[in-house]
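Worksheet for the structure shown next.
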Amino acid sequence: MRKSLAVLFCIVLSAPFLRAQNPRSKKYYENLAVKNFLAGLSEAERIAQVFLVNIEGNKSFYAVESVADVTGDKDDEEHPLIPGGCLFFSYNIGDSARETLDFNGSIMDFCRRHDCVPPYLAVDQEGGLVTRLKDVASYLPSASRVARSLTPAQAEELYANQALQLRALGFSMNLAPVAESITEENGRFLGLRSYGPVPETVVYSMAAIRGYERNGVGAVFKHFPGNTNTDPHTGLPEITMDRRLVSRFLLDPARIILRAEPSALLMSHARVSALDPGTPACLSAAWIKDTLQKGMRYQGLIISDDIFMAALAQNGFPPGTAAVMALEAGVDVIMLSEKRFSHVIKVFMERSRADMEFADRLFDAERKVILYKIEKGILSFDELPDGTLRVSVPDGTGPDAEKRLEDFRSAFSRGVEMYDRWF
């Protein structure tokens, strides 16, 4: 009964997408296949796709929650609750490439054994101080140092090599680059994480995006529209620029950088006095739907910054409220530094049952996450005999661990050589 209701629910939600497309177009059949794939999941598993969540350990993966934590049904205790994406911090990285590769492989093995949708694996590998892979990958200098030392072409080569290492280890998304130029309002907070003034930020951010995307790793433009010297982990950034300066330092550079087509964009928690001054950008339809999607025509994944940050929680936006507001505003992926997220799934479930417009927005976000996974090879389209498509989970018969480790070591050696030559 529950599965049949899920199928009907997805058919109803997907109808606007399918009606808007030519029934003979490739996109029509792709969206139909994604709709059918989502219809085959339980409601909790579907909603889980829109979460990017931290995980336990760095040796052998296990799920900290089950679907039963959402439904309360003991029969669901055997079904692990897997987020759409796994967010890695430094303590999730092994002491060596082999350990890291094996842990990442254990996530995919776990999902195959339990018939779960495999997640994408995301890491903050900016360079300099924010380098989650520690000594595992070849050293990646800070954005500031890259802009001072390399040409844009050399920078793209450097980031392409880093992408090859990430991909070999099993990562499919890098939460980089920091595509924010230095201003008086953010210089102390961003420091070496920024490429510098607007011209350098535009050119080197685009080089980083191309380097990652052309080598199989989704790049994430962050943080839009920007930050101040207030650390969002402890307070709410307030950008006080007038409209002219907002255009000059925030909007115009972003519009150009997005031409490099990053897979995703991460919204900041900042409030901007010149536009929607009462609402953090990651919760603001004025920033996401109107400015980013309509004004700049950006159609990639949109990720919230961590909704557990003090910037939101201490200013009237507790996690459940913030998550709902973010999705309604146009965010596709809710980032949580926490490891448990079933309580937010419950909030989404209750809201979608009571509000069809919210349910429709939620389905669109789920659809975009599945399409991202297909683009990065985590899922795939299979063509059926009748010419239609089906979404499936690859059988895991791609390059084995030894071949990937060999690829990693080759890229690592090139990375060491690049660093010695250029820095």
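When a residue number appears, it is its place in the shown sequence, counting from 1. Note that the coordinates shown come from a computational prediction; the quantities given were computed from them, not determined experimentally.
The number of heavy-atom neighbours closer than 6.0 Å to CD of Q154, taken from other residues, nucleotides and ligands shown, is above 12. Counting non-hydrogen atoms of neighbouring residues, nucleotides and ligands closer than 6.0 angstrom, the CZ atom of R297 reaches no more than 12 such neighbours. In D355, the CG atom is crowded: over 12 heavy atoms of neighbouring residues, nucleotides or ligands sit closer than 6.0 Å. Other residues, nucleotides and ligands contribute only 12 or fewer heavy atoms inside 6.0 Å of the CG atom of D115.
Annotation for T100 and G94: closest pair OG1-N, 3.2 Å, computed over non-hydrogen atoms. Smallest separation of non-hydrogen atoms from G278 and F317: O-CZ, 4.1 Å. V117 approaches I82 most closely through the heavy-atom pair O-CG2, 3.9 Å. Residues W287 and L275 approach most closely at NE1-O, 3.4 Å, considering heavy atoms. Closest approach of L312 and C282 over heavy atoms only: CD1-SG, 4.3 Å. A pairwise comparison of heavy atoms in V272 and P225 identifies CG2-CG, 3.9 Å as the closest pair.
Within the structure, side chain to side chain donor-acceptor pair (under 3.5 Å) contacts touching residues 79-98 (residues at least two apart or in different chains) are N54-Y91, N54-N92, Y91-K339, R98-D102, R98-E402. Among pairs with a residue in residues 368-378, those fulfilling side chain to side chain donor-acceptor pair (under 3.5 Å) read Q49-K373, E213-K376, D332-K368, at least two apart in sequence or across chains.
For the pair E99 (side chain) and K59 (backbone), a donor-acceptor distance under 3.5 Å is absent. For the pair R210 (side chain) and E261 (backbone), a donor-acceptor distance under 3.5 Å is absent. At least one donor-acceptor pair under 3.5 Å links the side chain of Q125 to the backbone N or O of L133. Remark: the backbone N or O of E78 is not paired with any side-chain donor or acceptor of S66 at under 3.5 angstrom. The closest donor-acceptor contact from the side chain of E65 to the backbone of S342 lies under 3.5 Å. R214 contributes no side-chain N or O that, together with a main-chain N or O of A160, makes up a donor-acceptor pair within less than 3.5 Å. At distances below 3.5 Å, not a single donor-acceptor pair connects side-chain atoms of D242 with backbone N or O atoms of A274. Proximity of a side-chain donor or acceptor of Y212 to a complementary backbone N or O of P177 within less than 3.5 Å is not detected. D305 contributes no side-chain N or O that, together with a main-chain N or O of H269, makes up a donor-acceptor pair within less than 3.5 Å. Of the possible donor and acceptor atoms, none in the side chain of T201 sits under 3.5 Å from a partner among the backbone N and O of A179.
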Do E338 and H343 pass the side chain to side chain contact (heavy atoms under 4.5 Å, CB included) test, and can you show the C-alpha distance, the side-chain angles, and the key distance before you say yes or no? CA-CA 11 Å; E338 301 290 321; H343 57 294; 5.8 Å; no
Check step by step if side chain to side chain contact (heavy atoms under 4.5 Å, CB included) holds for S149 and W422. CA-CA 7 Å; S149 306; W422 290 332; 5.9 Å; no
Would R414 and S410 count as a side chain to side chain donor-acceptor pair (under 3.5 Å) here? Give the steps. CA-CA 6 Å; R414 288 196 300 275; S410 176; 2.9 Å; yes
Walk me through it: do I47 and E366 pass the test side chain to side chain contact (heavy atoms under 4.5 Å, CB included)? CA-CA 7 Å; I47 298 175; E366 295 161 1; 3.9 Å; yes
Under the side chain to side chain contact (heavy atoms under 4.5 Å, CB included) rule, what do L169 and V123 come out as? Steps first, then yes or no, please. CA-CA 11 Å; L169 293 174; V123 66; over 6 Å; no
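With contacts defined as side-chain heavy-atom distances shorter than 4.5 Å, the pair S273/M241 does not qualify. Taking the side chain as every heavy atom from C-beta outward, R409 and E406 never approach each other to under 4.5 Å. When side chains are defined from C-beta on, L379 counts as touching I370, because their heavy atoms get closer than 4.5 Å. Using a 4.5 Å cut-off on side-chain heavy atoms (C-beta onward), L175 and M173 make contact. Within the 4.5 Å cutoff, the side chain of R271 has no heavy atoms near those of the P277 side chain. At a threshold of 4.5 Å between non-hydrogen side-chain atoms, the residues S42 and T71 do not count as touching. Residues L87 and D306 fail the side-chain proximity criterion, which asks for heavy atoms closer than 4.5 Å. With a 4.5 Å cut-off on side-chain heavy atoms, V70 and E43 do not count as touching.
Salt bridge present: K222 and D124 bring a charged side-chain N and a carboxylate O closer than 4.0 Å. For the pair R404 and D407, the salt-bridge criterion is not met [side-chain N within less than 4.0 Å of a carboxylate O].
Qualifying ring-ring contact (aromatic ring centres under 6.0 Å, His included) partners for F171, counting only residues two or more places apart in sequence or in other chains: F88. F61 is linked by a ring-ring contact (aromatic ring centres under 6.0 Å, His included) to F110, counting only residues two or more places apart in sequence or in another chain. With sequence neighbours excluded, no residue satisfies ring-ring contact (aromatic ring centres under 6.0 Å, His included) with F381.
From I182, atom CD1 reaches atom OG of S194 across 4.0 Å, with rounding to the nearest 0.5 Å. The distance from atom CZ of R193 to atom OG of S144, rounded to the nearest 0.5 Å, is 13.0 Å. Distance CD1/I303 to NE2/H223: 11.0 Å, rounded to 0.5 Å. Here the CZ atom belonging to F103 is positioned 8.0 Å from the SG atom belonging to C86, to the nearest 0.5 angstrom. The line from CZ of F341 to CG of D69 is 9.5 Å long, rounded to the nearest 0.5 Å. In this structure, L283 CG and I288 CD1 are separated by 7.5 Å, a value rounded to the nearest 0.5 Å.
Relative ring orientation between F423 and Y419 is described as parallel, the plane-to-plane angle staying below 30° on a 0-90° scale split at 30° and 60°.
There is a side-chain donor-acceptor pair under 3.5 Å between T240 and E185. Donor-acceptor pairing under 3.5 Å is recorded for the side chains of Q165 and N161. Residues N215 and R167 bring no donor and acceptor atom of their side chains to less than 3.5 Å of each other.
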Under 3.5 Å, sequence neighbours excluded: what are the donor-acceptor pairs made by side chains of residues 247-257?
| from | atom 1 | to | atom 2 | distance (Å) |
| --- | --- | --- | --- | --- |
| S247 | OG | R243 | O | 3.3 |
| D252 | OD1 | R255 | NH1 | 3.1 |

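Between F51 and F348, the gap from one ring centroid to the other is short of 6.0 Å.
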